[in-house]
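The sequence lines fix the lettering, A, B, ..., with proteins before strands; numbering per chain opens at 1. Note that the structure is a prediction, hence the values are computed from the model and not measured.
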2 protein chains.
Amino acid sequence: MSKPVSAQALSRMPVYLHYLKALPTDKETNISAKALGLKLGFGEIQVRKDLAAVSDAGKPKLGYSVSELISDIEAFLGYDSVNDAVLVGAGKLGRALLSYEGFKANGLNIVAAFDSDEGKCGKDESGKQILPLEKLENLCRRMKIKIGIITVPAAQAQQVCELLISGGVEAVWNFAPTHLSVPQGVILKNENMAASLAVLSKRLSDKNSANKTAQVMQGKGDPK
Amino acid sequence: MSKPVSAQALSRMPVYLHYLKALPTDKETNISAKALGLKLGFGEIQVRKDLAAVSDAGKPKLGYSVSELISDIEAFLGYDSVNDAVLVGAGKLGRALLSYEGFKANGLNIVAAFDSDEGKCGKDESGKQILPLEKLENLCRRMKIKIGIITVPAAQAQQVCELLISGGVEAVWNFAPTHLSVPQGVILKNENMAASLAVLSKRLSDKNSANKTAQVMQGKGDPK
DNA sequence: ATTCAATCGATATTCTATTATCGATATACC
DNA sequence: GGTATATCGATAATAGAATATCGATTGAAT
């Protein structure tokens, strides 16, 4: 197991995992690559290749053992060992992430949040502590936190990022709509909503202009 | 202009755009692909190729005219014409997105939100209306809304998605952690945080186990 | 005016990811 | 038990994206 996996295959893993876990346990205990692909919108060969990289739960004629597959993917993703993280920026988005219950199913545990605004500090409705920014570096170091989540406004993001890194954080998950520069060796993952939106709206406008062109070509333009 | 652009190049466009817009206007009016790439962490050839696809603001020896580049990218992305959208699911994440001021800079205008919980209905602190779900289909049709944003729990996402589509929505931006199936012709963009997280945490654990291996190979394991 | 350095844009190459092909294997049916 | 069929896994082919090469162009320096 653990053959090389592309970043794209890697990001499909949670999709498989989520679907498999939602499967009723009483029904079939096995599932084929074809069936999985059909449900998730992937090609069946891609499914096989992805799964082959992380598991050997596949048997000809039978398909994959659902339960084995689940534990293999979880092990591969490291979801069995929980990653502790801190979050910086207790604005709307930050608090939404703090309250999100789904992270723990993905092996992520946000231990505390930080904000420069003392007014926001205290216990959040999620039950988690929001602490003043001054305590960030120390807490990260003490608790050996490796993951930092940035949900501050763009203008402060770089500064916060550096603070995290000086606290020993090795991976930064950035939700601020800006580019961060990090030293070699620190992992940076941008959650870039503007990028997603660009893809979405471009596809939409392409589709619509394609329709218009088709209509023009068929003489279906506005009748005068 | 408007040569074929890959989805990946497309998602870099907002990154260029954001950086260019943040540039001080009084300083240099031009910028080279090399300088841009250095700031944003892209290769200089990639930058040139990306920009060549949407603009002809590049001049040898001078670089690109910043202002021309900005308007070319904006035009390419369709940010000059605003897209109206609705949002379904006025939970924490939904309200965070409702309040986010940055969307309008990306040509997106959320006209209203919807929720099945009547208690959440009324005016949001963002100033936008939260309406009961029953009004969704009608409003979409009346206002010719083309984009729907889904921020409901996974269990309701498919149902909401179908409601949007029956209201005439042509593009769905899904924040629910689940796979949606949409009819041919409808554009679906999943904002999959679990996928991003998987990439992040895998890279982190790879890095750490690589370090350990290196230490072992160098005889730097725990001294006994 | 001529040369030089910077930088672009187009083409070619390499690398990566997806999709197709095909032999192998496990079960079910006869 | 033998044969047919579904399905896997490995290898090969294709497609797509990133990167390198190179000639062309522009402004600056001599």
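- dG27(D) atom P lies 10 Å from atom CG of N30(B), rounded to whole Å.
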Grab the N/O contacts between the protein and nucleotides 17-24 of chain C below 3.5 Å, and write none if there aren't any.
unit_1, atom_1, unit_2, atom_2, d
dT18(C), OP1, R12(A), NH1, 3.1
dT18(C), OP2, R12(A), NH2, 3.2
dT18(C), O5', Q46(A), NE2, 3.3

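- With sequence neighbours left out, F103(A) forms a ring pair (Phe, Tyr, Trp, His ring centres under 6.0 Å) with Y100(A), W173(A).
- Looking at D50(A) and Y16(A), their side chains do bring a donor and an acceptor atom within 3.5 Å of each other.
- The distance between atom CG of L38(B) and atom P of dT7(C), rounded to the nearest whole Å, is 12 Å.
- Computed from coordinates, the L62(B) CG to dT25(D) P distance equals 15 Å when rounded to whole Å.
- Residues passing the ring pair (Phe, Tyr, Trp, His ring centres under 6.0 Å) test with Y79(B), sequence neighbours excluded: none.
- Residue K59(A) contributes atom NZ, which lies 7 Å from atom P of dT27(C) at whole-angstrom precision.
- In this entry the distance linking CG of L10(A) with P of dT16(C) reads 16 Å, nearest Å.
- When all heavy atoms of A157(B) and I150(B) are compared, the closest pair comes out as O-CD1, 4.0 Å.
- Where A57(B) and K61(A) meet DNA chain C, the nucleotide closest to each residue was compared, and A57(B) sits on the side nearer the 5' end.
- Cation-pi geometry between K39(A) and Y19(A) is not satisfied (NZ or CZ under 6.0 Å from the ring centre, within 45° of the ring normal).
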Pair S99(B)-K92(A), side-chain hydrogen bond (donor to acceptor under 3.5 Å, both in side chains): steps then yes or no: CA-CA 8 Å; S99(B) 300; K92(A) 292 235 172 81; 2.8 Å; yes
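- If you take NZ of K34(B) and C1' of dA20(D), they are 15 Å apart, rounded to a whole angstrom.
- Rounded to an integer number of Å, the gap from CD of E44(B) to P of dC8(C) is 7 Å.
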